[in-house]
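In what follows, a single structure is set out as C-alpha cells and then discussed.
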Amino acid sequence: MDAPVKPEITLPGISASHGIAYGQVFVFIQSNVEVPNYQVEPDKRAAEIARFEQALLATRQQITKIKNEVEKNLGPEEAMIFDAHLLVLEDQALIGETIRDFEKTGRNIETCFDQVSSRYIQAFSEIDDEYLRERAGDIRDVAQRVLQNLLGQAENSLSRLADQRIVVANDISPSDSANIGRGAALALVTDSGSRTSHAVIVARSLKVPAVVGMGDLTKVAKNGDWAIVDGYDGIVILHPSESTLFRYGKIKEQKKTFESRLLQANELPAVTLDGVKVPLLANIERVEELPMVKDYRAEGIGLYRTEFLFLNSARLPTEQEQFVAYQTVVRALAPHPVVIRTLDLGGDKPMTGHPHLFPKEDNPFMGLRAIRFCLVHPDIFKDQLRAILLASAHGRVQLMYPMISGAEELTRANAVLAECKAELRARGQPFDEKLEVGAMIEIPSAAATIDLLAQQCAFFSIGTNDLIQYLLAIDRVNDRIAHLYEPTHPAVIRTLKQIVDEAHRRKVPVSVCGEMAGDPVYAPLLLGLGVDSLSMSPTWLPAVKYVVRAMTMADAKALAAEALTLGTATEIYAKCDAFYRARVKVE
Ligand code: PEP
Ligand code: MG
C-alpha cells in the first residue's frame, strides 16, 4: 500500500527575499533546545546513564571532525577553539554532577544535564576573569550539542549543511547565517523576524528566497518534508500537490522572464527619462560578495557592514586581518568609492562567545551597541580605524560611523580617529589624508540635529531600517508588530524630507542605505524627496535601476510632494505602488 499523501498546507509569513524554491526541509534547531522533563523508572536508570555516555561520545566525535576540517581549511589557530570545547566534555565536575543529580532525582538525563550546565554557564559568565568568562560560551556550545545528540536532533550547525535544503529555523542569528556556505541553502524560513532582520539581509546576499515571521513552522515542518518557499508573496507551502507544483513552475518561468528583462536593462546607465543620473551602490557584509557587486554593476559600495568579520570569528580580528579584508574590497572597487562602516555590533548583532563584551541587556537595541560600544572599547575601535585608514591608501575609502546620536559623540569618534592617524604617521604608514568621514542617520536625535552634525560630516547615509524602528517605536525584529513597521508612515516621510533639506542647505550629500533604498516601490519616493544616491543589497540593483530608467525625476518629485500632504501610511504606500505599477509592467 502507498504511504498516505500528506495534505498540502499553505502558511503565510512575510516576504523577505525574492525567489521561489522547491525542495526538502532541514529543521534547524537553534540554541534553546526544548528539553523534555520526565521521571525515569529505576530499572531503566543504567540505560539512561549509558545513553548519556553515548551522547558525550558522539559529541566528541563531531567536534573532533569539525576541528580537523577547520584546521585543514583555516589553520591551527582557528581550530583552537574546538580544543576548549573538547575539554568541556572531559570536565569531570560537569559530567559527575549531572550523573549525581540524576541518581538523586531520577529525572531524565537531559533535564539534569541542562540544569547543571546552565548553572556552570551562569557561574562562569559572572567570573571576574576574561579567560574564564569566555569559557561560558564554550560550555553553552557544547551543552547544546550534547542535548541535541541526546534528543536525536540534527546537528546545530548550518556550516555543516551539505545538501541543498530549505532551512527552517526559529530564528537565524547573524553568526549562524554567516556560517551558511554559498549554495548550501535553497531558502531560509524563520518563525520570527521581520523584513529587516540581519538573517534576511544575509539571505539576500546569498541570493536565496526567504520568508520570515512564520510563527511556528519549526513545530509543523519535519526534516525531509517537501515544500515550496515563495519569497515573492511570503508564503510556504508544505507537501505541495501536483497542481500547485505545476502552477509554481509557471510562476517561476514568468518571474524568470521578468528578471531577465531587468538584467538586460541593468547593463544600461541609471539615468531617469529626464536625464538625471542616479548613483546606485551596493551594501555588502562579506568580501565573498564582491563578484555580485560587479555582476550587478554597482557604482561603488555605499555600505560595508564590517561587523560580519567579527561575528564569524571566535576571537577579535587583528588590525592586520581587518586591513587585508578592507584592502581587498577597496582594491576590487577602485576607482569607485567604498563606504566602510565602523563596527555596528550589539543590538541584534552581539558577538557570540564573548559574554564579557556583550553581557545580556534588557533592551539591546537601545543598549551599548555600535559607536557606543566602540567608544567604551577604544582598543577594539582603534584597531579597526587604523585598518580602515591603511586600506584608504589603496583606493577610494569613505569612513562612516553607525548609530550616531549627536554632535558630541561624533566629536569623540573623530578624536579617536585623529589619534589613529597620528599613530600611522609616526609609524610612517601611508593613508588617505583627505579621507571623508560621514555618519549614518538612523536615530531620531541625529535627524533632528543635522545642522550640527553637518559641521563634522562630508556625507550622510540614512539607515531607514533603524530610523523607522526608533521613530515608530517598533522593534524591527519582532514579528508580532511587524505589521506596524511602516516605511511610508507620514512621520518617516517628513523626517526624511527634513534630513535631506537640512543637509543640502549645508551642501552635504545624502544617501539611503536601509532596505527601503532597494525596494523599487519606495526608491522613486526617496529620490523625489531629494536623496542623492541609493545603496542596497546587490540583487535589488536591477529592479531599482529599471524603475529609475522608466520614470522622470519631475514625476518622482511630484510623488514626494503629494506624499507629504497625505495623512496615512496606507495612502502614501498606495501612491508609491501606483507610481511603480504605471511604469513597470510586472507579469
Ligand atoms: C539601517 O539601519 O538602515 C542600516 C542600513 O543599518 P543596519 O541594517 O546594518 O542596522
Ligand atoms: Mg542600522
Side-chain angles (χ1 to χ4, degrees), residues 16-17 172-175 177-178 193-205 210 212 280-286 289 298 300-312 338-351 364-374 398-405 409 438-447 459-478 482 485-487 489 492 495-496 499 510-519 522-523 526 531 533-538 540 544:
S17 173
I172 298 178
S173 73
S175 48
S177 50
S194 69
R195 287 197 67 199
T196 58
S197 51
H198 283 91
V200 166
I201 293 170
V202 173
R204 281 186 208 138
S205 80
V212 299
L280 299 180
L281 298 96
N283 294 352
I284 64 162
E285 279 89 49
R286 310 190 270 187
E289 288 162 63
I301 288 178
L303 171 64
Y304 178 6
R305 291 183 166 101
T306 55
E307 53 278 4
F308 280 79
L309 203 63
F310 287 66
L311 292 172
N312 222 355
V338 177
V339 179
I340 306 185
R341 181 175 75 180
T342 60
L343 279 179
D344 188 9
L345 288 169
D348 64 337
K349 292 179 282 190
M351 244 183 118
F365 275 117
M366 297 200 189
L368 190 68
R369 59 174 294 204
I371 195 69
R372 305 167 183 180
F373 170 85
C374 287
Q398 294 174 297
L399 185 146
M400 177 162 77
Y401 303 122
M403 297 285 295
I404 287 289
S405 63
E409 211 167 30
M440 285 202 67
I441 305 301
E442 50 186 343
I443 300 186
S445 60
F459 64 93
F460 291 126
S461 189
I462 306 177
T464 45
N465 304 342
D466 278 316
L467 185 62
I468 297 169
Q469 101 162 328
Y470 294 124
L471 212 48
L472 305 184
I474 300 295
D475 179 344
R476 69 192 251 195
V477 296
N478 181 343
Y485 186 94
E486 294 172 317
H489 191 293
V492 175
T495 306
L496 293 175
I499 297 171
V510 183
S511 178
V512 174
C513 64
E515 294 306 298
M516 247 183 124
D519 190 325
Y522 298 137
L526 296 175
V531 166
S533 60
L534 301 171
S535 190
M536 64 204 77
S537 300
W540 293 141
V544 172

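First listed ligand is number 1; within each ligand, the first listed atom is number 1. As the structure is a prediction and not an experimental result, all values here were calculated from the model.
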Spacing of [X] atom [atom1] and [Y] atom [atom2] [to the nearest 0.5 Å]:
X: His489; Y: Leu471; atom1: NE2; atom2: CG; value: 8.0 Å
X: Ile371; Y: Thr342; atom1: CD1; atom2: OG1; value: 4.5 Å
X: Leu280; Y: Ser511; atom1: CG; atom2: OG; value: 9.5 Å
X: Cys513; Y: Glu442; atom1: SG; atom2: CD; value: 7.5 Å
X: Ser537; Y: Asp519; atom1: OG; atom2: CG; value: 11.0 Å

Would the distance check show the side chain of [X] and the main-chain N or O of [Y] forming a donor-acceptor pair, the cut-off being under 3.5 Å?
X: Ser405; Y: Ser445; value: no
X: Ser461; Y: Met440; value: no
X: Arg372; Y: Gly367; value: yes
X: Asp466; Y: Met403; value: no
X: Glu307; Y: Leu345; value: no
X: Tyr485; Y: Asn465; value: yes

Problem - Closer than 2.8 Å to the Mg ion (ligand 2) - protein N, O or S atoms, ordered by chain and residue number - result: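 Hits for the Mg ion (ligand 2) below 2.8 Å: Glu442 OE1, Asp466 OD2.
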Enumerated ligand 1 atoms positioned under 4.0 Å from heavy atoms of [X]:
X: Gly463; answer: 1 (C), 2 (O), 3 (O)
X: Arg305; answer: 4 (C), 5 (C), 6 (O), 7 (P), 8 (O), 9 (O)
X: Glu442; answer: 1 (C), 2 (O), 6 (O)
X: Leu303; answer: 5 (C)
X: Cys513; answer: 5 (C)
X: Gly514; answer: 3 (O), 5 (C)
X: Lys349; answer: 9 (O)

Problem - ligand 1 versus Asp344: contacting region, heavy-atom distance under 4.0 Å - result: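 Only the side chain of Asp344 comes within reach of ligand 1.
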Problem - Side chain, backbone, both or neither: Gln469 near ligand 1, heavy atoms under 4.0 Å - result: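 No part of Gln469 is near ligand 1 at this cut-off.
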Practice task
Using heavy-atom distances, let me know which of Met536, Met440, Arg369 sits nearest atom 4 (C) of ligand 1.
Solution key: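 Of the listed residues, Met440 has the closest heavy atom.
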